[in-house]
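Remarks on the structure that follows.
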Protein chains: 2
Amino acid sequence: MTIKVFIVDDHYMVIEGIRSLLQQEASIELVGHAMSVDSCLSFLRNQQPDVILMDINLAEQSGIELSATIKRLYPGIFILGLSTFNQQSFIRKMMDNGASGYVLKNVTREELVDAINTIVKGKLYLSHEVARSLRAAEDPEVPLLTRREQQVLTLIAEGLTNNEVAEKLFISPTTVDTHRKSLLSKLNAKNTASLVRIAAQLQLI
Amino acid sequence: MTIKVFIVDDHYMVIEGIRSLLQQEASIELVGHAMSVDSCLSFLRNQQPDVILMDINLAEQSGIELSATIKRLYPGIFILGLSTFNQQSFIRKMMDNGASGYVLKNVTREELVDAINTIVKGKLYLSHEVARSLRAAEDPEVPLLTRREQQVLTLIAEGLTNNEVAEKLFISPTTVDTHRKSLLSKLNAKNTASLVRIAAQLQLI
DNA sequence: TTGCCTATCCCCGAAAAACAGGAGTTTTCG
DNA sequence: CGAAAACTCCTGTTTTTCGGGGATAGGCAA
């Protein structure tokens with residue numbers, strides 16, 4: 001029984017690279033590839049692979065959303081996230097959206113094959129590096145902001161003062177100040193400047 | 001006369017992908033690849049290709065620095081920058097450091113071959129997308145900051161107040177304030193919060 | 001039901017930043 | 001050289017932020 005694998009990546013050379021890596025593998029059959037969300041979904045309407053290798057950074061839509069869509073339509077397909085960078089926020093989101101594993105694009109052939117063989121059994125697979133960075137990243141966890149805090153944060157970063165934010169959100173300036181204070185405390189910032197920097201680094205704005 | 005091409009990328013599948021793309025091209029000969037700065041430099045000590053395809057995001061050191069090094073040691077080698085993202089700051093830096101061209105990793109085979117053939121003649125090559133985004137990015141030009149401004153900016157973004165920055169740089173708090181004012185004006189920010197956000201977006205911090 | 005969280009609002013005082021000026025010295029570069 | 005740019009410092013005033021408080025109300029879950 002060969003494992004049917006489909007690739008979604010908008011980089012032609014990555015597709016070629018994967019194809020070349022998996023060519024030698026008798027147990028794995030590449031059934032196609034897509035460079036866009038649409039062509040991926042239309043392929044799946046006709047044929048379902050066992051495993052999809054999904055780039056996390058697609059041009060139009062993030063691979064994260066596409067994964068969620070696919071998992072909803074075809075729960076039987078296992079998705080392996082693929083990305084250049086080892087950023088725990090992406091990894092978490094990907095796994096939350098139905099992916100069964102995550103590997104970096106610098107994987108070796110052995111590791112990729114191992115990953116595919118693992119997730120097709122319904123198990124999870126994280127490459128060593130990824131798993132390590134997930135553990136390492138547990139300390140500087142990204143705090144969960146409430147909707148209001150997120151709004152206030154965005155407006156503050158745009159340069160609005162408490163008063164201006166208040167006007168925009170139709171709340172009292174003192175309320176905005178309260179949100180600002182909890183933002184400072186949640187993100188462990190000592191003032192607005194460091195708040196914005198930290199938020200930028202955590203991709204919150 | 002075949003063109004000797006060398007690849008520097010820390011992603012195995014990208015190397016494989018390029019190899020597969022260029023395999024069919026009789027006029028191009030792949031003479032090797034490197035996944036690290038060291039192995040690249042040691043290869044070059046023995047043999048010099050005509051063209052190096054250089055990933056801009058290497059793990060250890062940025063491809064930008066490595067390009068500068070290579071151009072210094074072997075001015076005759078032409079470098080083609082390679083990256084997943086179309087960010088004008090990277091592209092500019094790459095070109096400033098001796099690269100002869102820049103293409104995104106989603107290039108087609110034709111475009112890649114075209115790029116290699118172009119730069120080996122000593123001309124510059126930018127893929128359409130890249131050139132377009134460079135033009136589009138000319139408006140929000142990144143202002144040149146002076147050394148002092150850069151220092152002050154960094155410390156402000158870390159959350160230091162004027163007084164603290166002053167202490168650290170051994171200058172008067174009022175001077176720091178002056179620098180801050182010119183930063184606000186240069187980056188077109190209305191206060192520190194927006195200053196930090198803009199600086200983060202421009203990769204200044 | 002009793003908490004907990006979110007969101008809302010308020011007060012105070014101290015500290016910091018923003019705004020508007022002016023002005024001297026050193027460095028850099030054509 | 002000489003001008004421009006960079007760096008330095010100053011005095012004010014006004015506005016905003018920050019660090020303490022404390023309070024009410026709704027939703028939701030143990």
Side-chain angles (χ1 to χ4, degrees), chain A residues 89 92-93 96 138 140-205, chain B residues 92 96 138 140-205:
Chain A
S89 59
R92 280 182 208 282
K93 279 183 201 151
D96 287 347
E138 257 160 35
E141 216 167 339
V142 179
L144 279 181
L145 302 188
T146 66
R147 204 174 27 246
R148 259 319 196 212
E149 285 165 353
Q150 179 66 55
Q151 289 172 345
V152 170
L153 172 61
T154 306
L155 295 175
I156 285 174
E158 278 173 17
L160 305 202
T161 65
N162 284 342
N163 287 314
E164 292 164 339
V165 174
E167 262 186 55
K168 206 146 203 172
L169 298 182
F170 305 108
I171 56 182
S172 150
T174 63
T175 306
V176 176
D177 199 47
T178 307
H179 289 308
R180 172 183 234 121
K181 284 173 189 169
S182 46
L183 281 167
L184 289 177
S185 126
K186 273 193 183 179
L187 295 191
N188 220 338
K190 53 174 299 193
N191 56 27
T192 304
S194 59
L195 171 69
V196 173
R197 179 186 53 86
I198 293 168
Q201 284 172 349
L202 297 178
Q203 316 242 322
L204 259 31
I205 48 177
Chain B
R92 279 182 209 282
D96 287 347
E138 256 161 37
E141 215 165 340
V142 179
L144 281 181
L145 301 188
T146 67
R147 205 176 21 251
R148 260 317 196 216
E149 285 165 354
Q150 179 66 56
Q151 289 172 346
V152 171
L153 172 61
T154 306
L155 295 175
I156 286 174
E158 278 174 18
L160 305 203
T161 66
N162 285 342
N163 287 314
E164 291 164 340
V165 173
E167 261 186 57
K168 207 147 202 170
L169 297 182
F170 305 108
I171 54 182
S172 151
T174 64
T175 305
V176 177
D177 197 49
T178 307
H179 288 308
R180 177 184 230 120
K181 282 182 209 168
S182 48
L183 281 166
L184 289 176
S185 131
K186 274 193 183 179
L187 295 191
N188 221 340
K190 52 174 302 194
N191 57 27
T192 303
S194 59
L195 172 69
V196 173
R197 178 186 53 86
I198 293 168
Q201 284 172 348
L202 297 179
Q203 315 243 318
L204 260 29
I205 48 178

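Throughout, a chain's letter reflects where its sequence line sits, starting with A, and its residues are numbered from 1. This is a predicted model, so every value here is computed, not measured.
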Carboxylate-amine/guanidinium proximity below 4.0 Å for B:E164 and A:K190: yes
Electrostatic pair A:K186:A:E149 at N-O distance under 4.0 angstrom: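 Salt bridge flag = yes for A:E149 with A:K186.
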Please state how far atom NZ in B:K190 lies from atom C1' in C:dA20, giving the value in whole angstrom units.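 One finds 17 Å between C1' of C:dA20 and NZ of B:K190, rounded.
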Could you state the atom-to-atom distance from CG of A:L195 to P of D:dT16 in whole Å? 18 Å
Under a 4.0 Å heavy-atom criterion, the protein footprint on nucleotides 7-17 of chain C, written with B, S and -, is SBBB-----SS
Could you run down nucleotides 23-30 of chain D 5' to 3' and tag each one B, S or - for protein heavy-atom contact under 4.0 Å? --------
Can you tell me if [X] uses its side chain to pair, donor with acceptor, with the backbone of [Y] under 3.5 Å?
| X | Y | answer |
| --- | --- | --- |
| A:N191 | B:G159 | yes |
| A:D177 | A:R180 | no |
| A:N163 | A:A166 | no |
| B:Q150 | B:I205 | no |

Take A:R147 and A:Q151 through the side-chain hydrogen bond (donor to acceptor under 3.5 Å, both in side chains) test and state the conclusion after the steps. CA-CA 6 Å; A:R147 204 174 27 246; A:Q151 289 172 345; over 6 Å; no
Is the closest side-chain heavy-atom distance between B:L204 and B:L145 below 4.5 Å?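 B:L204 vs B:L145: side chains touch.
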